[in-house]
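All ligand and atom numbering here is 1-based and tracks the order in the structure. This is a predicted model, so every value here is computed, not measured.
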Amino acid sequence: MAARVLGRAGRLAAVVRSSAVRLQLRLHGSAGLRFGSQASFFPPLGDAMLPSGSFNNHVALITGGGTGLGRAMTATLSQLGAQCIIASRKLDILQRTAEEISSQTGNKVHAVQCDVRDPQAVSQCVDQMEALTGLPDVIINNAAGNFVCPSERLSPNAWKTITDIVLNGTAFVTLELGKRLIQNQKGASFLAITTIYAESGSGFVVPSASAKAGVEALYKSLAAEWGRYGHRFNIIQPGPIRTKGAFSRLDPTGAFEKATIDRIPTGRLGTPAEIANLAAYVSSNYASWMSGAVIRFDGGEYVSLAGEFNELRSVTPDQWKILEAMIRNTKGS
Ligand SMILES: CCCCC/C=C\C/C=C\C/C=C\C=C\C(=O)SCCNC(=O)CCNC(=O)[C@H](O)C(C)(C)COP(=O)(O)OP(=O)(O)OC[C@H]1O[C@@H](n2cnc3c(N)ncnc32)[C@H](O)[C@@H]1OP(=O)(O)O
Ligand SMILES: NC(=O)C1=CN([C@@H]2O[C@H](COP(=O)(O)OP(=O)(O)OC[C@H]3O[C@@H](n4cnc5c(N)ncnc54)[C@H](OP(=O)(O)O)[C@@H]3O)[C@@H](O)[C@H]2O)C=CC1
């Protein structure tokens, strides 16, 4: 009897061992379920989510509003009734965007040239804004600079360029507006666009990771300090959303796009319209109790990268039967 049981266990172990070898081969050969087909469960919606007129009589400043995500946020706020000011270095691009959005929404978008690295230019930009629209109700710090680069190849000026745009630029805009708003006893919503790796850090984008982490510390600190002046401070951490500015500097050949999508549990990149809806909500009076929030908006990419067992997604149901048998077979050992 005991010999029969031992014989059966031995045969099971042999089956399990040979299946395990096959399983290992298949996993290393990257067979199994491909991740990504689930995108059809999560279709992006493009229309504005808030009721029309949500930003009537509101003024919004969006840095880097001429392109990419900043442009999409400007379009949504403008559609919802805001008068927008977009500010960055390239006046021709700003003017083109401003005209296009104004003509679509019927609400004025103003283009103001400003390099956020220069505190004097920021002060002049705010002067110009005060003359055009008065002080803003909504400030979105969205301007940024970035490129992938091994850290040993970074020059001091490369480091300075990125940290000046991202951290110092955000601080100059926030402090200049904050001081004037406080003086005028006017409340406002401040929003900073950071990134998921502001929290984890990331190789190959180290100046950006360091500066974005600084922006998060700045906004969380001011959320605590300046609530008494009527100011809210929030942060959105986007995952990958295709824009020319980001993708041309972070994946110039396109070689990493598929792998990026494969690790996102919702199976796709985000869209500019989706983040524009979130930014509009956070900046609106519907979110008047939201301050100090850090909102990760990445289709699940961050947790997907973080969990050390998440690679087991590629194990098929048949393979699970084998793994389970192997694990159960350890009982008593
Ligand atoms: C595994 C891959 C995954 C792929 C996923 C794909 C996409 C996205 C996923 C997630 C994204 C997450 C976060 C995204 C964050 C972003 O911020 S994206 C937004 C990017 N947009 C921009 O950067 C727009 C603005 N950028 C610029 O204007 C320029 O690129 C720049 C930032 C360089 C600033 O321009 P400028 O002020 O004219 O600077 P210079 O050209 O004078 O350069 C200053 C110094 O920097 C050195 N430098 C420039 N480029 C590089 C480089 N590629 N590598 C190394 N060094 C560089 C330059 O040489 C100067 O230094 P020196 O004077 O020579 O010492
Ligand atoms: N797209 C993505 O996948 C992700 C983007 N993000 C963040 O989203 C935001 C928007 O990025 P995205 O739209 O993709 O990229 P873009 O390159 O289109 O946007 C960056 C903007 O910043 C402006 N800018 C750069 N340097 C300066 C400066 N010195 N002074 C003023 N403005 C400046 C640029 O305008 P100009 O050249 O005219 O100055 C541009 O409009 C950034 O904060 C980025 O870090 C975060 C995670 C993912």
Side-chain angles (χ1 to χ4, degrees), residues 61-74 86-98 111-119 121-122 125 140-170 172-173 191-200 202-209 211-212 215-216 235-264 269-272 274-276 278-279 296-299 301-302 305:
L61 169 69
I62 303 98
T63 66
T67 64
L69 306 187
R71 180 192 164 110
M73 293 177 216
T74 305
I86 53 178
S88 74
R89 295 165 301 175
K90 297 182 189 125
L91 189 58
D92 52 335
I93 292 177
L94 290 171
Q95 283 170 336
R96 204 175 324 134
T97 298
V112 177
Q113 188 167 32
C114 177
D115 186 330
V116 296
R117 291 173 284 194
D118 176 358
V122 170
C125 164
I140 303 185
N141 269 293
N142 162 79
N146 200 4
F147 46 76
V148 283
C149 180
S151 300
E152 65 273 22
R153 294 171 67 95
L154 287 170
S155 69
N157 192 38
W159 176 273
K160 189 171 180 318
T161 299
I162 301 305
T163 54
D164 269 353
I165 300 171
V166 175
L167 177 55
N168 291 335
T170 302
F172 295 152
V173 170
L191 172 63
I193 308 301
T194 62
T195 168
I196 55 173
Y197 60 68
E199 214 161 299
S200 58
S202 176
F204 303 97
V205 283
V206 174
S208 169
K212 294 281 194 186
V215 169
E216 295 199 349
I235 295 156
I236 297 178
Q237 301 173 324
I241 301 174
R242 184 191 304 290
T243 64
K244 191 173 163 216
F247 277 55
S248 63
R249 292 171 175 92
L250 301 175
D251 187 16
T253 65
F256 295 97
E257 182 167 334
K258 189 174 181 311
T260 302
I261 293 173
D262 281 354
R263 67 182 179 228
I264 299 178
L269 302 176
T271 67
E274 287 178 294
I275 194 173
L278 177 59
R296 195 185 294 138
F297 191 62
D298 69 343
E301 186 186 26
Y302 188 88
L305 284 166

For [X], counting its heavy atoms only, list the atoms of ligand 2 lying under 4.0 Å from any of them.
{"X": "Ile193", "answer": "7 (C), 8 (O), 9 (C), 43 (O)"}
{"X": "Gly64", "answer": "21 (C), 22 (O), 23 (C), 41 (O)"}
{"X": "Arg117", "answer": "29 (N)"}
{"X": "Ile165", "answer": "26 (N), 27 (C), 29 (N)"}

Any side-chain hydrogen bond (donor to acceptor under 3.5 Å, both in side chains) involving residues 236-252? Give me the pairs, sequence neighbours left out, ordered by first then second residue.
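For residues 236-252: Glu199-Gln237, Glu216-Gln237, Arg242-Glu257.
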
[X] contact mode with ligand 1 (heavy-atom cut-off under 4.0 Å):
{"X": "Lys160", "result": "neither"}
{"X": "Arg249", "result": "side chain"}
{"X": "Ser155", "result": "side chain"}
{"X": "Cys149", "result": "side chain"}
{"X": "Ile162", "result": "side chain"}

Heavy-atom nearest option to [atom], drawn from [options]:
{"atom": "atom 33 (C) of ligand 2", "options": "Ser208, Gly169, Ala143", "value": "Ala143"}
{"atom": "atom 31 (C) of ligand 2", "options": "Gly70, Ser248, Cys114, Ala87", "value": "Cys114"}
{"atom": "atom 22 (O) of ligand 2", "options": "Ala72, Ala144, Gly270, Ser88", "value": "Ala144"}

Using side chain to side chain contact (heavy atoms under 4.5 Å, CB included) as the criterion, list what pairs up with Leu167, not counting sequence neighbours.
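Leu167 satisfies side chain to side chain contact (heavy atoms under 4.5 Å, CB included) with Ala211, Val215 only.
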
contact_flag Gly145 ligand 2 heavy-atom lt 4.0 Å
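False for this residue.
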
Does Gly65 come within less than 4.0 Å of ligand 2, judged by its heavy atoms?
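Flag not set, Gly65 not near ligand 2.
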
Return yes when Phe204 approaches ligand 1 closer than 4.0 angstrom through a heavy atom, no otherwise.
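The answer is no: ligand 1 sits nowhere under 4.0 Å from a heavy atom of Phe204.
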
Tell me: protein heavy atom nearest atom 46 (C) of ligand 2, and distance?
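Result for atom 46 (C) of ligand 2: Thr194 O, 3.0 Å.
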
Just need the protein heavy atom nearest to atom 15 (O) of ligand 2, so name the residue and atom and give the distance.
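The closest heavy atom on the protein side is Thr243 OG1, 3.7 Å.
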
Strictly inside 4.0 angstrom of atom 31 (C) of ligand 1, do you find any protein heavy atom?
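No.
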
Any non-hydrogen side-chain atom of Leu69 less than 4.5 Å from a side-chain atom of Met73?
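In short, these two side chains touch, coming nearer than 4.5 Å.
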
Contact partition for Leu69 relative to ligand 2, non-hydrogen atoms under 4.0 Å:
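For Leu69, backbone and side-chain atoms both sit under 4.0 Å from ligand 2.
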
Ligand 2-proximal atoms of Asp115, by part, heavy-atom distance under 4.0 Å
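For Asp115, backbone and side-chain atoms both sit under 4.0 Å from ligand 2.
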
Got an N/O contact under 3.5 Å between Arg89 and ligand 2?
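Min N/O separation from ligand 2 is below 3.5 Å for Arg89.
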
To the nearest 0.5 Å, what is the distance between OG1 (Thr194) and CG (Asn141)?
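So the OG1 of Thr194 and the CG of Asn141 are separated by 11.5 Å.
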
At less than 4.0 angstrom from any non-hydrogen atom of Gly145, what atoms of ligand 1 do you find?
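Matching atoms, with element in brackets: 22 (C), 23 (O), 32 (C).
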
